[in-house]
Chemist: 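Once you've had a glance at the structure underneath, I'll fire off some questions.
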Amino acid sequence: MFQNLCGKDKTYCNLYDGGWVSASSNAYTDIFSPVDGSLMGKVPAMTRDDVDRAVRNAKENLPIWAETPIHERARVFYQAAELLEAHATEIAQILTMEIAKDEKSSVYEVKRTADFLRYTADVGKSIAGEAISGDNFPGGSKHKISYVNRVPLGTVLAISPFNYPINLSISKLAPALIGGNTVLLKPATQGAISALYLASIMQEAGLPRGVLNTITGRGSEIGDYIVTHPGIDFINFTGSTEVGRHIAKLAAMVPLMLELGGKDAAIVLPDADMDFAADNIISGAYAYAGQRCTAVKRILAQDDVADQLVPRLLARVTNLKVGDPRDNAVIVPLINTHAADFVMSLIDDAIAKGAKVIAGGKRNGNLVEPTLIDHVTTEMRLAWEEPFGPVLPILRVKDTQEAIDIANQSEYGLQSSVFTNNLHDAFFIANQLEVGTVQINNKTERGPDHFPFLGIKASGMGTQGVKYAIEAMTRPKAVVFNLDDHTH
Ligand code: NAP
Ligand code: G3P
């Protein structure tokens, strides 16, 4: 089934023009598992010439795909969804070993991707144009009619992060492809093998040659060249704010969609159900060891609320399963040593400045204990920086307005949660929070995937979510008929 094993020793290849190719330099990057350090395989380190060739090929095949009826594009998506589900266990095992995601979440990512494909196919088939009569504008005439359709932008560069190498690749590929674009996929290096399996599924499902090409290679080495390639018509990026800002500076006139970092706050009001809030906050903060952009990354609460939450949170944190993702541990080794070092630097800074460790605070290799820290102040880095790891700070505030103010002082603006039984208070707070989404009585999260998903400020530009992403990667094309009005 999976054609991208182009050698006996787990050597992977890139999808190019319907076939599988190595880098022209024959250079590779070894992919080691963060679970047990084993060598999972090697992926090509594509060169600038390889990028030129892949972009040229995508552009050559754009007219064919743009002219392919949407219902035929949709058929490929339905078939790809079937194949994903048929191979869910196999692909999930790759995911688990490549990014140390627990097996349950890995299977869920694959199945969520199949659902994404089906839903995108359905929505794609309802893309409709419009006909506008000229006479509904002063001076206009019924004899002037604008026929408006949506057309693809061209070749889309999709860049995905390590934590959802399949789902956050398809969240770009599917809307782009159903809109008639061709796509170049540059997956995260740690996650590239999983992404190549997805590409193999799309090819197997009948995607015509050259409509999707993949480019593996370290972003630090080949990223700038791809981003600034003149053949790219749209850049759809998910990853860190640092890299997102860098890409935005390079992109010049190329339209962008950026889904970046977050520092999602959970604001808990005195009337909230504390056990319900604790359940949601723990799940939101520690799933996949906190390696989610939408993880709950700080609690803002008044003293009396925090005093009720701490014992409840502690009881739940100590129950979190720690260890091997193959045993469905929630707290798993972080993606690499750099990530673990960074998380520990935030913890150490908070402790040095007087914060109180309630649970955790230590590491074993790249596995950081689930850490809960109380009395975190705005003087500490942990109050503002994104750990992307299993550490949750509690900031005590004097009232609701201070909670809102501190939430809004973050450079980030992805999501926030508000826990209260008073919907008036919930809406009052939600209306003031400077974020893309406010969750009322729920953990912060992206799904369901047809909802608009966006970050503002340092959390991104543009809106994901099936319908919104299709709109972002297509444009109106107007043809105005100036009919003879027989008046002359
Ligand atoms: P990252 O280090 O920014 O990398 C993201 C992607 O960008 C990877 O494919 C990476 O390739 C590539 N890249 C790196 N430098 C590049 C360059 N100069 N030009 C083009 N591409 C380049 O992020 P990550 O570590 O994968 O993911 C964690 C971060 O992403 C966190 O900050 C998290 O909050 C954010 N994130 C946000 C969302 C969201 O929806 N808002 C979702 C997931 C993650 P390499 O892997 O080869 O370096
Ligand atoms: O970090 C990935 C981001 O997209 C979160 O997705 O579904 O875990 O909230 P989710």
Side-chain angles (χ1 to χ4, degrees), residues 29 31 43 45-46 51 98-99 101 105 108-109 112-113 116 157-172 184-192 195 214-229 232 235-251 256-264 283-285 287-288 290-297 334-336 338-339 342 385-389 412-415 417 435-437 439 442-449 451 453-465 469:
T29 300
I31 306 294
V43 299
M46 301 301 264
V51 171
E98 189 171 21
I99 65 168
K101 183 173 280 187
S105 300
Y108 172 67
E109 177 170 347
R112 176 179 183 180
T113 300
F116 196 104
L157 170 60
I159 304 175
S160 51
F162 80 81
N163 65 339
Y164 278 90
I166 291 178
N167 184 259
L168 283 176
S169 290
I170 215 63
S171 71
K172 301 163 180 53
L184 208 65
L185 171 64
K186 167 28 214 153
T189 296
Q190 197 73 34
T214 60
I215 292 280
T216 55
R218 293 204 181 283
S220 55
E221 294 167 10
I222 196 66
D224 287 5
Y225 187 75
I226 306 174
V227 162
T228 56
H229 197 287
I232 298 299
I235 300 169
N236 195 330
F237 172 83
T238 297
S240 64
T241 294
E242 179 190 3
V243 174
R245 281 185 172 135
H246 175 72
I247 289 174
K249 285 176 188 159
L250 293 176
L256 288 166
M257 185 179 287
L258 302 173
E259 293 293 346
L260 307 178
K263 188 69 178 180
D264 294 2
S283 168
Y288 187 36
Q291 297 175 108
R292 293 168 51 242
C293 62
T294 49
V296 173
K297 293 177 185 147
L334 298 186
I335 198 67
N336 55 42
H338 173 72
F342 179 70
E385 296 183 41
E386 177 186 49
F388 226 61
Y412 296 105
L414 192 58
Q415 296 202 6
S417 289
V435 290
T437 303
Q439 300 277 356
N442 192 57
K443 65 184 178 183
T444 43
E445 61 181 353
R446 167 166 51 117
D449 290 340
F451 278 9
F453 179 67
L454 67 154
I456 62 172
K457 303 196 287 183
S459 291
M461 283 168 61
T463 304
Q464 294 270 23

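Quick note: residue numbers are just sequence positions, from 1. The figures that follow rest on heavy atoms only: side chains count, while hydrogens, waters and symmetry mates do not. In listed order, ligands and their atoms are each counted from 1.
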Chemist: Where is the tightest heavy-atom contact between Q464 and T238, given as atom of each residue plus distance?
Modeler: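 It is NE2-OG1, 4.1 Å.
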Chemist: Does one side chain, of Q439 or E445, offer a donor that lies under 3.5 Å from an acceptor on the other?
Modeler: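 No pair is found: no donor N or O on one side chain lies under 3.5 Å from an acceptor on the other.
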Chemist: Which residue holds the protein heavy atom closest to atom 6 (O) of ligand 2, what is that atom called, and what is the gap in Å?
Modeler: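 Answer for atom 6 (O) of ligand 2: R446 NE, 3.1 Å.
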Chemist: What does the N/O contact table under 3.5 Å look like for ligand 1?
Modeler:
from	atom 1	to	atom 2	distance (Å)
ligand 1	3 (O)	S240	N	2.8
ligand 1	3 (O)	S240	OG	2.7
ligand 1	9 (O)	S160	O	2.8
ligand 1	9 (O)	A188	N	3.3
ligand 1	11 (O)	K186	NZ	2.9
ligand 1	18 (N)	D224	OD1	2.9
ligand 1	23 (O)	S240	N	3.4
ligand 1	26 (O)	F162	N	3.1
ligand 1	30 (O)	G239	O	3.2
ligand 1	30 (O)	S240	N	3.2
ligand 1	32 (O)	E386	OE1	2.8
ligand 1	34 (O)	E386	OE1	3.2
ligand 1	34 (O)	E386	OE2	2.7
ligand 1	41 (N)	L260	N	3.3
ligand 1	41 (N)	L260	O	2.6
ligand 1	46 (O)	T189	N	2.9
ligand 1	47 (O)	K186	NZ	3.0
ligand 1	47 (O)	T189	OG1	2.6
ligand 1	47 (O)	G219	N	2.8

Chemist: Is the closest side-chain heavy-atom distance between T189 and I31 below 4.5 Å?
Modeler: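 T189 vs I31: side chains touch.
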Chemist: Find out whether Q190 and P165 are in side-chain contact, i.e. whether some heavy atom of one side chain is under 4.5 Å from a heavy atom of the other.
Modeler: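 They are not in side-chain contact.
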Chemist: Report, in ascending order of atom number, the atoms of ligand 2 lying under 4.0 Å from any heavy atom of R292.
Modeler: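 In order of number, 1 (O), 8 (O), 9 (O), 10 (P).
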Chemist: Considering only the protein, which heavy-atom contact is closest to atom 8 (O) of ligand 2, and what is its distance?
Modeler: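 Ranked first by proximity to atom 8 (O) of ligand 2 is Y164 OH, 2.5 Å.
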Chemist: Which ligand 2 atoms, with their elements, are less than 4.0 angstrom from a heavy-atom of N163?
Modeler: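 Heavy-atom distances to N163 below 4.0 Å select 1 (O), 2 (C).
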Chemist: What is the closest protein heavy atom to atom 3 (C) of ligand 2, and at what distance does it sit?
Modeler: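 Closest protein heavy atom to atom 3 (C) of ligand 2: C293 SG, 2.8 Å.
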Chemist: Is any side-chain heavy atom of F237 closer than 4.5 Å to one of V227?
Modeler: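 Not touching, per the 4.5 Å side-chain cut-off.
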Chemist: Counting only nitrogen or oxygen atoms and a 3.5 angstrom limit, does T294 reach ligand 2?
Modeler: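 N/O-N/O distance below 3.5 Å exists for this pair.
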Chemist: Taking the side chain as every heavy atom from C-beta outward, state whether R112 and P448 have any atom pair closer than 4.5 Å.
Modeler: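 Of all side-chain heavy-atom pairs linking P448 with R112, none is under 4.5 Å.
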Chemist: Would you say the side chain of L168 lies within less than 4.5 Å of the side chain of R446, judging by non-hydrogen atoms?
Modeler: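 A side-chain contact exists here, since the closest heavy-atom pair is under 4.5 Å.
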Chemist: Looking only at distances, can you tell me whether any N or O atom of F453, backbone or side chain, sits closer than 3.5 Å to an N or O atom of ligand 2?
Modeler: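 N/O-N/O distance below 3.5 Å does not exist for this pair.
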Chemist: Tell me the closest heavy-atom pair linking A295 and T444, and the distance in Å.
Modeler: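 Heavy atoms of A295 and T444 come nearest at C-OG1, 3.8 Å.
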Chemist: Are K101 and Y164 in a cation-pi setup, meaning NZ or CZ lies under 6.0 angstrom from the ring centre and within 45 degrees of the ring axis?
Modeler: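 Verdict for Y164: a cation-pi partner in K101.
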Chemist: Going by heavy atoms, is R112 under 4.0 Å from ligand 2?
Modeler: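 It does, in that a heavy atom of R112 comes within the 4.0 Å cut-off of ligand 2.
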Chemist: Going by the atom numbers of ligand 2, which of them fall below 4.0 Å from some non-hydrogen atom of E445?
Modeler: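 Counting atoms of ligand 2 from 1, those under 4.0 Å from E445 are 9 (O).
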Chemist: Would you name the heavy atoms of E259 and F453 that are closest together and state the gap between them?
Modeler: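 Here E259 and F453 meet closest at OE2-O, 3.0 Å.
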